[in-house]
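One structure is given here, and the rest of the page talks about it.
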Amino acid sequence: MSLETFRRDTRAWLETNCPAAMRTALDEKEVVWGGRNASFPNDDARLWLERMGERGWTAPTWPAAYGGGGLAPAENAVLQEELRRIGARAPLWSFGLWMFGPVLLEFGSEAQKHAWLPDIIRGRIRWCQGYSEPGAGSDLASLATRCEDRGDHFLVNGQKIWTSYADKADWMFCLVRTDTTAKHAGISFIVFDMRTPGVETRPIALISGESPFCETFLTDVRVPKDQLVGQLNGGWEIAKRLLTHERQSISTAAFGGGVGLDLVTAAQQSVGLMCGQLADGDLRVRIAAFRMQERAFHLTVRRAQAEARAGGNIDHLAPLFKYAAASVNQQRLELLVETLGLGGLGWEGDGFHPDALRATRHWLRSKGNSIEGGTSEINLNVVAKRVLGLPDPT
Amino acid sequence: MSLETFRRDTRAWLETNCPAAMRTALDEKEVVWGGRNASFPNDDARLWLERMGERGWTAPTWPAAYGGGGLAPAENAVLQEELRRIGARAPLWSFGLWMFGPVLLEFGSEAQKHAWLPDIIRGRIRWCQGYSEPGAGSDLASLATRCEDRGDHFLVNGQKIWTSYADKADWMFCLVRTDTTAKHAGISFIVFDMRTPGVETRPIALISGESPFCETFLTDVRVPKDQLVGQLNGGWEIAKRLLTHERQSISTAAFGGGVGLDLVTAAQQSVGLMCGQLADGDLRVRIAAFRMQERAFHLTVRRAQAEARAGGNIDHLAPLFKYAAASVNQQRLELLVETLGLGGLGWEGDGFHPDALRATRHWLRSKGNSIEGGTSEINLNVVAKRVLGLPDPT
Amino acid sequence: MTRPLTDDQRLLQDSAREFFAERAPVKALRADRAAGRPFDPALWQEIAALGFAGAAVPEAYGGSGMGWRSLGLVLEAAGRTLVASPLLQSALVGVAAIEALGSDAQRAAWLPAIAAGEMTTALGLDEGAHHAPSRIAMRAVREPGGWRLEGQKRFVPDGATASHLLIAALAAPTPGAPESLSVFCVAGSADGLVRKPLAMADSRGMADLDLTAVRVADDAVLGSVGEAATALEGVLDTARIGLAAEMLGAADALFALTLDHLKTRRQFGQPIGAFQSLQHRAARMFVDLELTRSCVLAALDALDDAAGVSTSVRSAAAQGASVASVASVASLASLASLAKARAGDTLHLVSNEAVQLHGGVGMTDAYDAGLYLKRARVLETLYGTAGWHRDRSARLDGY
Amino acid sequence: MTRPLTDDQRLLQDSAREFFAERAPVKALRADRAAGRPFDPALWQEIAALGFAGAAVPEAYGGSGMGWRSLGLVLEAAGRTLVASPLLQSALVGVAAIEALGSDAQRAAWLPAIAAGEMTTALGLDEGAHHAPSRIAMRAVREPGGWRLEGQKRFVPDGATASHLLIAALAAPTPGAPESLSVFCVAGSADGLVRKPLAMADSRGMADLDLTAVRVADDAVLGSVGEAATALEGVLDTARIGLAAEMLGAADALFALTLDHLKTRRQFGQPIGAFQSLQHRAARMFVDLELTRSCVLAALDALDDAAGVSTSVRSAAAQGASVASVASVASLASLASLAKARAGDTLHLVSNEAVQLHGGVGMTDAYDAGLYLKRARVLETLYGTAGWHRDRSARLDGY
């Protein structure tokens, strides 16, 4: 089928099948995460997921054999263009689609792919990621959750932390220690149902008042042996691949990209003008400096995208993006809160504008940007060592 | 003698003996360094040094036995007050007075003290310091200048660098390696006449155009054994004491303290006003931020002085001073040069105001403030480890 | 200026730190937050009983007469554990306002009550989300035997709980005369006064105030109408300096918490505090803290000096204003801005670094770093941000 | 905007870097400095012969017609080794001015001469030590058949050596009409023109110009009097962008020199580049450099786009100004300020860090870091400091 035909067919199908309500901007609260206890903001959202899932277009480039769309990259590009053209919402947000699926395709057995990929594509199973532990943050490879071979099953004991939405997830993909005598070479990658006896989750209240992350306690959790993905003690390679997926998805999403109040408008309204300029000259200078930094960052993202499209190698820019995206978002929210004055430091109630309350929460939440998915310090280490070739201490 | 009597006598003596010309502000160019080839800006300066040296008041607290003033601390305080009262110039600037003398008093033999201290006090011998080497900067203890025991003398071979005014000095005090099997415990402290065969100096041209420092090449230099100060291989202890003297004298002198143009005046003249404020709003904000930082630094120096006078321990503030003094001076000169625009970037000639040319040279020279006498990085290490108690890597 | 602590002050500092660490640690703030109250009234009675509420009140008025620096040390100690008591608004701002503006009768009536912890005050000054003492719209209209207040105040610290509100308003001493800022003492229970508590991110008590035809008698004017404007600047400078002391305490305690984490948290086989980049960041925070400490202490000293000066100036008023006192007022304003700006920048840095250096745990509500972060921004904003004070500092220096 | 380099551009970049590294390394600057000359005329002939002088000149006028981005790549390459040739003033500023303001006859007369390296220009704009295009006092007075120029210019780059000076002056098209900025081409040998060379810290050629009754004919006016003011802003933006490219090259090369030092200098038993605090500082410089690179490339692209736009606008002039072209002019100004400010901040940081990280050797005249530092400040200052452009950026955005 020619691309032109594909485009025409796709456009026609979308025209018929994408409900009008799904062609509006997606608010955070209306995101569809799927899963056994999926909730939908409305029937159109349910319908949209069903229709897209049926065609495998939630995972357009995955093989049709597992329920994916089976599209070639060029076809997928057309599909994405057509979706953007009508402003269609993503039918499904899913760690299964973004993270677990891609590594399963690469490392999983045929049986595993058939077992799990179709449900990911249809949004029937919601996954979460068991990586960090209280004692293993930046130094992830020091993880200690023990996984013992008990003949016909594994027995898992330990604790995971910073598991996004573990309390709402159906299954977990998880790094465990299967050899205590080796560091990186003693890690394996397993998956299990969150209903397995011995799995307990507890949401972590953040400084922003939200609880998107959980602690997960694993006590004598029995995991069937066919739920080991990849080789025994071969989990670190999968982990590294996954971290790359995570960092890319974090920095291209560019923290809180489209969020909320415009800084300059807020400043003009809140601070006022003097001699035609923002009355607070110090704040004005810092806003100008920030906006130029932000713009330089966006131009860099665009340059990298253009170079990547032209077949250039942009590996040296990858750790930069995560670092700079975090810094830019944090600066923006600090300035926004400062611009709003005490009005930007409310917690709740009628005394504050809802946009201002949202800004406060986002500001607090943004402090995690430079920690989650690889701290800024780790990213600077990576730039120094891998990009600039600076030596390790001896 | 009561302090009151001492004050009365001192005041009378100064009234008679301090020439009027020596009661004016001291310009850098008129500093008297003494030495075998001493030069004096005028006869009054020569007379002033002779008179003060004769009384030992160039080194008021050193024992009279070596030609010092033999004053008690309280008497010295009175002397300094009286000198300040009439705005008297320091009769002599001297590394012998500031650095070598104090350690000689502590570590030298009786014969050595009698041999060298009187000439230091009278300004007859000018000393320089042989510390750094091309391969030993921040890591001073890795110095490699070899000093071999040849029975009746030492034979010294190596190279020193950053020796202040070595080309104008008469004698050098110098760290050398007497044991290659130990690092800190293989260093000795020797002194020698710069006329000894095998000693060559070469001034180093700096980016500021000045050459206050030299490289010193030592080739088969024979040093009599009685010119070893302290124990063989005991030089590191002396070195540490000397570095403390150096850092204190650097940070209390507070780089370029009284130098040149006032930042605000220069900005008002060069940049102009708009709406009653400096027309360049960005520069204005940075000048304001700097001046507050500078003031905070000065208040800290004063607080430490007051606490020290009251008998408090201010050891935790010592590395802070060197670090902050360098940073404040560098910021000031960067802002001054920026304030002067292209007029602050001249090298020489009638096209520039002499004050502006001086500012440019000072700006370039100030880049060394955070390097010489212990880099800012080393000072931050010291704060982190000794003051804050942060651990060494294992 | 910049005197070392006296033995009495050291003793006071130790006992204040000990008291707050014991009786009002950060977990007391958590308890107040959970209970939905801005602070614990019982704690305030203990604070007053220790003499802290009257630290800056002269002995003649029932205070302990220890002066501003001593009160600053108490505020610093309170800042260490994020105590949100009436200390700042009553013992500092209220006392400063009554001292500077009030008549002898008002001093005699109110200062002892504040020192005893019976009366608490809240200064109603700003009418927007930013500190802007030159943008007051609240009006006081002359009526027979008194004044009628009309207007709104926003984000008044302790505004919902103080027994008395000190309201800054524009008023003319005689009909037709130019209006200038004056301060009125309004009972919390006054008719026409509506107090709307605000739930702030840092759980400290603030309120918006609506004043509709609030009537007060003549003796509610601090001093007399038309004379407050200049003296009010001095009161605000006192507030800024005391606030800077509280901020220094918060920054200092949070830095200590962070250092502790750097020494104990292990990753890659060692304490993370062994990594040089973190060591240098910690060292730079230390430098900032020490510089801030110098500014705060110098500013507190200047307050004590100015108190001395103003007393002597008052007695020598007939000879006209002395040049020295004018210079010292300018320098007090400058020092107040220096202390507030420096404390603001330092607390800003330390609070951000604290969360970052703690990693994930710093993001959790269960850990204290986040509470310091939220309080930090409120304190940074109150009575002028660092940027506002840099700007003011440049203006004071004429550029 | 933000297109990857074409194959031609890559080739050009490589050959320019190779050429300057070979023929004009930093030691050539040392030789020029020792000889007391701002640059080597023989080198300029080679540069012209390679087509660099005419990179932005259309082929119709004897140039290579490669466009602004290509010229930017050449300037970046020149910046790497601190080449102080007429490239910036003639190939960039002169060409931009003649292109934007000149008549067809002037283009035909001057552009080929610049491309061939025979004519060199210097823009005489600022009259003080700071960039201030709105503060021009130089006057051009109407005389029969021509104009009389009176005034002074300060710190004109290449002002002592250029064959022609492009002098910005206030002039009225007809007697009594309001004056506006116009640009006059004055031969270096003109009567009444006194050029005073300045010895700058970076050894680049600059001069003060005194113009006393300098008479020029009508055809010396670029275009016509009264029409230059807006277009001149565009010429200055072109200058700023080209300068930013040169600065990026200097910063990039100096960073490479510094990295090399970090890898080879040993202290405490290891390369100093193994110390984490230095690693993080190097990594942050890398981030700054990459962000700057993006801004410079985007701004150069915008120049090429605007050149396209202005051609099409010119042909479609009868239909009135298009909204798109107005927007793109605003965005060009904004991008020019972005590129110049970012390049300024980055070069400032890198030049200071380079000296510091080199330690003592960085302070010596014999080492190159100091030459980069001196050149850095001159480039930072020319056509507006980073602060000036931040301010302009805020004004362009209406706050």
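This is a predicted model, so every value here is computed, not measured. Order of the sequence lines sets the chain letters (A, B, ...), proteins ahead of strands, with each chain counted from 1.
Residue A/Asn369 holds its CG atom at 13.0 Å from OG1 of A/Thr375, rounded to the nearest 0.5 Å. The structure places CG of D/Asp8 at 11.5 Å from CG of D/Leu73, a figure rounded to the nearest 0.5 Å.
Using a 4.0 Å cut-off between a side-chain N of Lys or Arg and a carboxylate O of Asp or Glu, D/Arg392 and D/Asp237 qualify as a salt bridge. In this structure, A/Arg386 does not pair ionically with A/Asp315, as no charged nitrogen and carboxylate oxygen lie closer than 4.0 Å. Under 4.0 Å is where a charged nitrogen must lie from a carboxylate oxygen, and between D/Arg284 and D/Asp288 no such pair does. With respect to D/Glu233 and D/Arg240, a salt bridge is recorded, a charged nitrogen being found less than 4.0 Å from a carboxylate O. A salt bridge is absent between A/Arg85 and A/Glu81: the closest approach of a Lys/Arg side-chain nitrogen to an acidic carboxylate oxygen does not fall below 4.0 angstrom. Contact check on A/Asp355 versus A/Arg358 returns a salt bridge, with a Lys/Arg side-chain nitrogen under 4.0 Å from an Asp/Glu carboxylate oxygen.
When the candidates A/Val285, A/Leu317, A/Asn381 are compared by the number of heavy-atom contacts under 4.5 Å with chain D, A/Asn381 comes out ahead. Ranking A/Lys385, A/Arg291, A/Met292 against chain D, the residue ahead of the rest is A/Met292, based on heavy-atom pairs under 4.5 Å. Note: A/Arg284 leads A/Gln268, A/Arg284, A/Glu377 in heavy-atom pairs under 4.5 Å with chain D. Options D/Ser337, D/Gly273, D/Ala394, D/Gly269 differ in how many heavy-atom pairs under 4.5 Å they form with chain A, and the most are formed by D/Gly273.
Contact between A/Leu263 and A/Phe290 at its shortest, heavy atoms only, is CD2-CD2, 3.7 Å.
For residues 339-350 of chain D, the interface with chain A (any heavy-atom pair closer than 4.5 Å) comprises D/Ala341, D/Arg342, sorted by residue number. Among residues 387-394 of chain A, the residues having any heavy atom closer than 4.5 Å to a heavy atom of chain D are, in sequence order, A/Val387, A/Leu388, A/Gly389, A/Leu390, A/Pro391, A/Asp392, A/Pro393, A/Thr394. Against chain D, the residues from residues 269-278 of chain A that qualify, each with a non-hydrogen atom under 4.5 angstrom away, are A/Gly276, A/Gln277, A/Leu278 in number order.
A distance-only check finds no donor-acceptor pair linking the side chain of A/Arg84 to the backbone of A/Gly87 [under 3.5 Å]. In this structure, the side chain of A/Asn76 does not engage the main chain of A/Leu71 through any donor-acceptor pair within 3.5 Å. For the pair D/Ser393 (side chain) and D/Arg390 (backbone), a donor-acceptor distance under 3.5 Å is absent. Side chain of A/Gln330 to backbone of A/Ser366: a donor-acceptor contact under 3.5 angstrom is found.
Using a 4.5 Å cut-off between heavy atoms, D/Arg395 contacts chain A through both its backbone and its side chain. At a 4.5 Å heavy-atom cutoff, D/Phe268 makes no contact with chain A through either its backbone or its side chain.
Counting only N and O atoms by type, the side chains of D/Ser294 and A/Thr300 include a donor and acceptor under 3.5 Å apart.
Taking the six-membered ring where tryptophan is involved, the planes of A/Phe297 and A/Phe321 are perpendicular, since the angle between them exceeds 60° and thus also 30°.
For the ring pair (Phe, Tyr, Trp, His ring centres under 6.0 Å) test, residues two or more places apart in sequence or in another chain that qualify with D/Tyr383 are D/His131.
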